[in-house]
Amino acid sequence: MAVSEEECSSAKCGPSSSSSCSAHYLAKCVLRGSVVLQVLYGRIRSSSSKDVVFGKETSIELVTIGEDGVVQSICDQPVYGTIKDLALLPWNGNFQARDRKMWGKDLLVVISDSGKLTLLTFCNEMHRFFPVTNVQLCNAGNTRHLPGRMLAVDTSGCFIAVSAYEDRLALFSMSMSKSSDIIDERITYSAESEGTYRSIQRPNINGTLWSMCFISQDCGRPNKAHINPILAILLNRRGELLNELLLLEWNIKARAVYVISQFVEAGPLAHDIVEVPNYSGFAFLFRAGDILLMDLRDARNPHCAYRTSLNFLSSAVEDHTFVDDSCKLQDVDDEHFNAVACASLVLSDFDPMCIDSDSGCSNSCSKYVCSWSWEPESKKDSNMIFCLDSGEFFMIEICFDSDDLKVNLSECLYKGIACKELLWVEGGYLAAFVEMGDGMVLKLEDRRLCYTCPVQNIAPILDMVVVDHHDEKHDQMFACCGVAPEGSLRIIRSGICVEQLLRTAPIYQGVTGTWTLNMKAIDSYHSFLVLSFVEETRILSVGLSFTDVTDSVGFEPNVCTLSCGLVSDGVLVQIHQCAVRLCLPTKAAHYEGISMSSPICTSWTPADVNINLGAVGHNFVVVSTSNPCFLLILGVRLLSAYNYEIYEMQHLELRNELSCISIPRQKFEQKQSDLFISTHSNFTASFPSGGIGKYFVIGTHRPSVEILSFTHDRGVTIIACGTISFMSAMGTALSGCIPQDVRLVCVDRFYVLAGLRNGMLLRFEWPSDRPASPPINVEGSLFKRNLVNSKENVSNKAENLPATLQLIAIRRIGITPVFLVPLGDKLDADIIALSDRPWLLHSARHSLSYTSISFQPSTHVTPVFSAECPKGILFVADNCLHLVEMVQSKRLNVQKFHFEGTPRKVLYHNESRILIVLRTELNCGSFLSDICCVDPLSGSILSSYKLELGEIGKAMELVSVGSDQVLVVGTSFSSGPAIMPNGEAESTSGRLLVLFLEHVQNSDSGSMILCSKAGSLSQKTSPFREIVGYGPEQLSSSSLGSSPDDNSSDGAKFDENDVWQLRLAYATTWPGMVLAICPYLDRYFLASSGNAFYVCGFPNDNPQRVRKFAVGRTRFMITSLTARSARIAVGDCRDGILFYSFHEETRKLEQLYCDPLQRLVADCILLDSETAVVSDRKGNISVLCSDHLEDNASPECNLKLRCAYYMAEVAMSIQKGSYSYRLPADDVLQGGDGPKTNVDSLQHTIVATTLLGSIMIFIRLSREEYELLEAVQARLAVHPLTAPILGNNHHEFRGRENPVGTPQMLDGDMLTQFLELTSMQQEAILSSEPPDTVKSRLKSLPPSHFQVNQVVQLLERVHYALN
């Protein structure tokens, strides 16, 4: 994945070539942010589904919460914008949706930095959200006085309100007419000249709008259809200490809005207004210290009906210490927002820039409600669970008893950390989300909330290091995540998480196939595991232990099995080269076997030919031969008790040899769904009498994919045929296109998957409009003649000509043959596509969608389901059998080591193979910070060095001293912010420390033993004990297949006598915080203090002495230091990046270049001596390059801004990596005319982690690749299927905060959508014209370059490398 900067530093570092400054990059988010800011519950996918939506600022994630409480992700879609608020628009029965697919489904309402109000619906076919409409509210960006900050939706789904930060709001009514737009009326506070816009007559709503909600009115009132909506708003007037509750009425007939009443009461500060469901006219007014139940049934006379105090609630049984973590991560630079921000922070004394501060948070003296959620689908009473800022959970119940209002408050249900969002879903589960730590799913049982499982949140990522720990052939990222008390060290890996349960010794050479068999078709768990070798077959029972039962099953042991399966309950079939063998296993093999001492077997043998392929179906078997080529359909019949016969039902001579056969295991049952697709009828109508019968799929050497059906009266019928033919760019036929494996899939439509021998994956679909006479080549017909009498030959009459399968999508996933292994017997089961590496193919997705499985390259795979391991998968890799469980329910492939305090910095020490972590905000008396050595396997702290009382660690780096390394640490004696508002450094002091990392032998070994938790049940009783003859395998939890939540080492531990500890070698006090440290020229290091930085070294390689050789100063506080060769890059909080050079002879620093823009630098790296990549606190990544001016150039010379990319997220840590985005061998589809990969670009890859928990990869492209993909991106950005869903102009969005005309990096998220489209959609996009606004900057490409194959190939390489 990536290599460390030390490894990269050995590369050539001289002056960069001209191409170095011609930066062309593609940016791709490989892990989306995990901070959940909004959470909704509704019918998103269909009228009957219960789905959860996470709003995550830059993406929308659709998830489900299962019956076990586990959160499972369905899709996570980038929005190419910043979400400000998200709400649910419930389906209204009066809606007349133009699209039938929208009927009964709830819509998402979104306001964002696009300045538009957007309504979204979920498309199941495309597996993503699409906009229904976009309504312009204001210009793109963040405005204070125009609507676009906060949403409120009427419970009936008829009205929407959008507020500004101050003074203004807009109201919208939904259309009930089928012909009109979904938005019917809009009214705002000021008069507008067009359409139905009218002004709001409001004499008195000047101030900041804190909260708002619609108030339902009595459903029993006459003329219900003409009820004017009532909106309650909470307003903070300028200069006032208390907030007012105002009620506004929208008079629809008069097209005006009036303030009809107001309510203000001396006492605590009110901060939220929430409508009470089921009881029209009631709302909760949350205040600091109490809750008021407001009676608003008479909107002109609001009054308090019930008051509940929060300051005297009983506490939970367990008492914990909690810290208010209500800080926000987003920087607010606009001075106009200061007043609003101050008003929003009245309830908290926390510094909004606390990510750089170590000060604790002081809680308010009064408790207040920080999150709440209503009981779902409650039709009678109204129950709410809410969380206080103290972390206590309570339930409040509202009911009417004989017209008497009752409000009941429960005892404390649970005590944890204060949550920012709550969601109560069906099944009694409550999802609770913490801003800077893991959320959790709680279950309501017996009036208590019980912890069920976590909802992972790795934000904020403050630092990271990417290493190939223990040479696992896959890099992993160690990241500092979260803040106290939820700080943690995480191991982040790509792909779907795999939990490795067992691994055998490497004694399984020559495996040719693996299968799992049931004893009965209805069994949920497998009974047997079949392993085929070159000249041997072995059968193992599936259970707590895998025992060899070959002799008790009856399979021929001394042959290579080609295929096997269950032909009927209790009857197994083995197919090998010479025969088809039917077996009845005994009770010694399975408890439902026959009661005999040996199995009963019978065989069928072909005459004078050998079998080369076979497949087993229900009561029939299909085999084929080569030279001559025959297809044989065999039946199985019961003659007497335990006496079966295999007989030929059809014997056909083939024109083309078969390459694979697949028989679907599930008997097809046509089902109705909300997403009815007409292809059901097209497919089933092709079968005799409308029934499926015995059907199977074959691949041929023609090459082609064919669907066939067999019945006794009609024989073999060709149902559909898809021809495979590809041409290279040179006009020659592409080799290796023979199908290796084929599968029939049905998810609301039928389609066929084909894995080819050249590593390609194809998807064929049934034609939506089947032609009467499809173009079939009669000469290439599958069959020559029928050799067995039947009532009818192969059906090929004109009316029964096979349909032509349409090739929908083509992907290359490797260079070795592609095997397709379903993870179940159902036709809609997901499939493992095994080529150079394993991929999970999502069967329900549109086109071809697949995700990397986080496991090593394997030769064979099969699912193994047992009671002990219900979702097991067996991989064959490196001559070992690996039993794993794919943890698809895990939203993130992340392993967590919980740490006390906040981990700020992490380093990996190669010699000791340990992690060094700098922690702050420790709860250890006066000790606030320490540096600890951590075992990467178990997360155990091996040793720790505590800083002085009140001292806080800020920076650390490993620095070379001769042939050794020492740890240089920078600290501060102030817990406040490092930077004053004017950009200058705070007046404080810090220390520079030099620490030895010593390797000592501990004679008292018992004190150093790392105890590990007991393994899982499957580990304690090894299922491979009988296979190998060994004890259980001891597996490292750091392996790529470890559980993401398992903190144990599972047997792996450091040597008892090996101890690494830190010892102080040198310390000195500096006049300022030491915020940045960097190694320099292998014999120096750089360290900053305030606005000064120093070149320091160790005289005579003595780490106990540090000498300052030179000093440089900037105008503002220095935030980052980096160096490469002799070049130094300094980043400060205002002037951006400055280039310096150190002259060793004169011991002076010389400033060479300045940043052309002002920026607050978050982090910076040097790709070479002339090129810097910098991230800033506004969410940009920029590439700056010197212009190779003469040596005596003026110090005022500016760096050139070569390209930039607006992420809308702040990257606090960026590192250099080395990625190859090519497949293991060149794709021959490219031929000789396509763009070539720039090999030098592999040393110019950047990895960035953000405060929202995202991981971004920036890949260097050649000029030809960039020009090709830029033309594709320009078309994707405006196409309805792929355009930004919130209405942002894509080019404008990615170019924000940068000068107009700055070259942009390509958006990998936008481009990879191209792979999710069908071939026809891809062709349509490439043939479309780009928008006029970008056409002038696009380079004209020759037709040979601008082809679907060229684009798909290049994007597949990127997808392959990043997954």
* Is the shortest heavy-atom distance from the side chain of Thr1114 to the side chain of Tyr1140 under 4.5 Å? -> yes

* Does any non-hydrogen side-chain atom of Leu995 lie less than 4.5 Å from one of Leu1064? -> yes

* Could you give me the CA-CA distance, side-chain angles and deciding distance for Glu1170 and Lys1200, then say whether salt bridge (Lys or Arg N to Asp or Glu O under 4.0 Å) is met? => CA-CA 10 Å; Glu1170 307 296 339; Lys1200 298 295 182 182; over 6 Å; no

* Can you name the nearest heavy-atom pair linking Ser974 to Ile952, along with the distance? -> O-CD1, 3.8 Å

* Asked: CD of Gln1104 to CZ of Phe1098: how many Å apart, nearest 0.5 Å?
  -> 11.0 Å

* Structure fact -> To the nearest 0.5 Å, atom CG of Leu1160 lies from atom CZ of Phe1116 at 11.0 Å

* Taking the side chain as every heavy atom from C-beta outward, state whether Arg1127 and Leu1152 have any pair of such atoms under 4.5 Å apart. => yes

* Give a yes-or-no answer on whether the side chains of His1143 and Glu1150 include a donor-acceptor pair shorter than 3.5 Å. => yes

* Structure fact -> Heavy-atom closest pair (Ser943 atom, Leu1062 atom, distance to 0.1 Å) is OG-N, 4.2 Å

* Is there a donor-acceptor contact under 3.5 Å linking the side chains of Arg1105 and Tyr1066? -> no

* **Sole candidate of Val969, Thr1069, Val1106, Thr971 that passes side-chain contact (heavy atoms from CB on, under 4.5 Å) when paired with Leu992** => Val1106

* Side chain of Gln1304, backbone of His1291: donor and acceptor closer than 3.5 Å? -> yes

* Asked: Do Met1073 and Ser1089 have side chains that get closer than 4.5 Å, going by heavy atoms?
  -> no

* **Arg1083 (side chain) donor-acceptor with Leu1081 (main chain) under 3.5 angstrom** => yes

* Is the backbone N or O of Cys1133 less than 3.5 Å from a side-chain atom of Thr1119, with the two atoms forming a donor-acceptor pair by type? -> no

* Work out which heavy atom in Leu1269 is nearest to a heavy atom in Leu1261; give both atom names and the distance. => CD1-CD1, 4.1 Å

* **Least distance between heavy atoms, Cys481 atom then Pro903 atom** => O-CG, 3.9 Å

* **Student check: side-chain heavy atoms of Phe478 and Val917 closer than 4.5 Å** => no

* Does atom CZ of Arg1115 have more than 12 heavy-atom neighbours from other groups under 6.0 Å away? -> no

* **Worked verdict on Asp1155 versus Val1161 for side-chain contact (heavy atoms from CB on, under 4.5 Å)** => CA-CA 11 Å; Asp1155 197 319; Val1161 176; 5.6 Å; no

* Applying side-chain contact (heavy atoms from CB on, under 4.5 Å), run through Glu1265 and Leu26 and close with a yes or a no. => CA-CA 10 Å; Glu1265 291 170 334; Leu26 180 145; over 6 Å; no

* Decide side-chain contact (heavy atoms from CB on, under 4.5 Å) for Leu907 and Asp463; before the verdict, give the C-alpha distance in whole Å, the side-chain angles of both, and the deciding distance to 0.1 Å. => CA-CA 9 Å; Leu907 300 172; Asp463 193 26; 5.6 Å; no

* Are any side-chain N or O atoms of Thr1302 and backbone N or O atoms of Pro1299, one a donor and one an acceptor, separated by less than 3.5 Å? -> yes

* Look at the side chain of Arg1124 and the backbone N and O of Leu1167, then say whether any donor-acceptor pair between them is shorter than 3.5 Å. => yes

* Exercise: identify the closest heavy-atom pair between Ala1208 and Thr82 -> CB-OG1, 3.8 Å

* With side chains defined as the heavy atoms from C-beta onward, is the minimum distance between Leu967 and Leu997 less than 4.5 Å? -> no

* Asked: Between His909 and Ser912, do the side chains contain an N or O donor and an N or O acceptor separated by less than 3.5 Å?
  -> yes

* Structure fact -> One should read off an interatomic distance between Tyr1205 OH and Ile1246 CD1, to the nearest 0.5 angstrom, of 13.0 Å

* Would you say Asp1176's side chain and Lys1178's backbone share a donor-acceptor pair under 3.5 angstrom? -> yes

* Structure fact -> Distance col, row Lys905:NZ vs Lys954:NZ, nearest 0.5 angstrom, shows 10.0 Å

* Could you tell me which non-hydrogen atom of Val1183 sits nearest to which non-hydrogen atom of Ala23, and how far apart they are? => CG1-CB, 4.0 Å

* Is any side-chain heavy atom of Thr1122 closer than 4.5 Å to a side-chain heavy atom of Asp1163? -> no

* Between Tyr1084 and Phe1142, what is the ring plane arrangement, given parallel below 30°, perpendicular above 60°, and tilted in between? -> perpendicular

* Please tell me if the side chains of Leu1251 and Met1212 come closer than 4.5 Å, counting only heavy atoms from C-beta onward. => yes

* Can you tell me if Arg1260 uses its side chain to pair, donor with acceptor, with the backbone of Tyr25 under 3.5 Å? -> no

* So, Ser1175 side chain and Ala1211 main chain: donor-acceptor pair closer than 3.5 Å or not? -> yes

* Is there a side-chain contact (heavy atoms from CB on, under 4.5 Å) between Phe1258 and Lys28 once you walk through the steps? -> CA-CA 6 Å; Phe1258 299 85; Lys28 181 70 176 71; over 6 Å; no

* Within 6.0 angstrom of Lys1148 NZ, more than 12 heavy atoms from elsewhere -> no

* Asked: Just by modelled atom types, is the Gly953 backbone N or O under 3.5 Å from a matching donor or acceptor in the Ser929 side chain?
  -> yes

* Between Glu1297 and Arg1177, is there a side-chain N and carboxylate O pair less than 4.0 Å apart? -> no

* Structure fact -> The reported gap from CD in Glu1264 to NE2 in His24 (rounded to nearest 0.5 angstrom) is 8.5 Å

* From Leu915 atom CG to Cys933 atom SG, the distance as rounded to the nearest 0.5 Å -> 9.5 Å

* **Expected output: side-chain Ser1088 to main-chain Phe1093 donor-acceptor under 3.5 Å** => no

